[in-house]
Amino acid sequence: YWPNHPEGLLRAHLRAAVADLRHLQGFLAEWDGPAIDHKSPHEEHLGKLAGEVARELAELADRLETEMGSWRGGA
């Protein structure tokens, strides 16, 4: 049973998608952090790539959040 979402099912799912994007963004960003001791140049490259993808995910999540705006009970 899914509760009724006052803002609509699509907005509820989009909010969940944004939350998933933010989680993935944080996970990938950690691999590009200064505390990571990469064991090889290839791992260092992959860590930097993960950081780049994290920044791209942040832009996508920001875009969704901006377009959705804050719901105030209207249509």
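These figures come from a predicted structure and were not determined experimentally.
The side-chain hydrogen bond (donor to acceptor under 3.5 Å, both in side chains) check on Asn4 picks up nothing, with sequence neighbours excluded. With sequence neighbours left out, Glu65 forms a side-chain hydrogen bond (donor to acceptor under 3.5 Å, both in side chains) with Arg22.
Here the CD-OG1 distance, from Glu59 to Thr66, works out to 11.5 Å after rounding to the nearest 0.5 Å. Rounding to the nearest 0.5 angstrom, the gap separating the NE2 atom in His23 from the CG atom in Leu28 is 9.5 Å. Taking CG from Leu9 and NE2 from His13, the interatomic distance works out to 3.5 Å, rounded to the nearest 0.5 Å. Here the NE2-CG distance, from His38 to Asp32, works out to 6.5 Å after rounding to the nearest 0.5 Å.
At a threshold of 4.5 Å between non-hydrogen side-chain atoms, the residues Glu7 and Arg15 count as touching. The shortest side-chain heavy-atom distance between His5 and Arg11 does not fall under the 4.5 Å cut-off. A 4.5 Å side-chain heavy-atom check between Lys39 and Asp37 finds at least one atom pair inside the cut-off.
Note on Leu21: it clusters hydrophobically with Leu10, by side-chain heavy-atom contacts below 4.5 Å among ILVMFWY residues.
The two atoms that bring Ala54 and Ala29 nearest to each other are CB-N, 3.7 Å, heavy atoms only.
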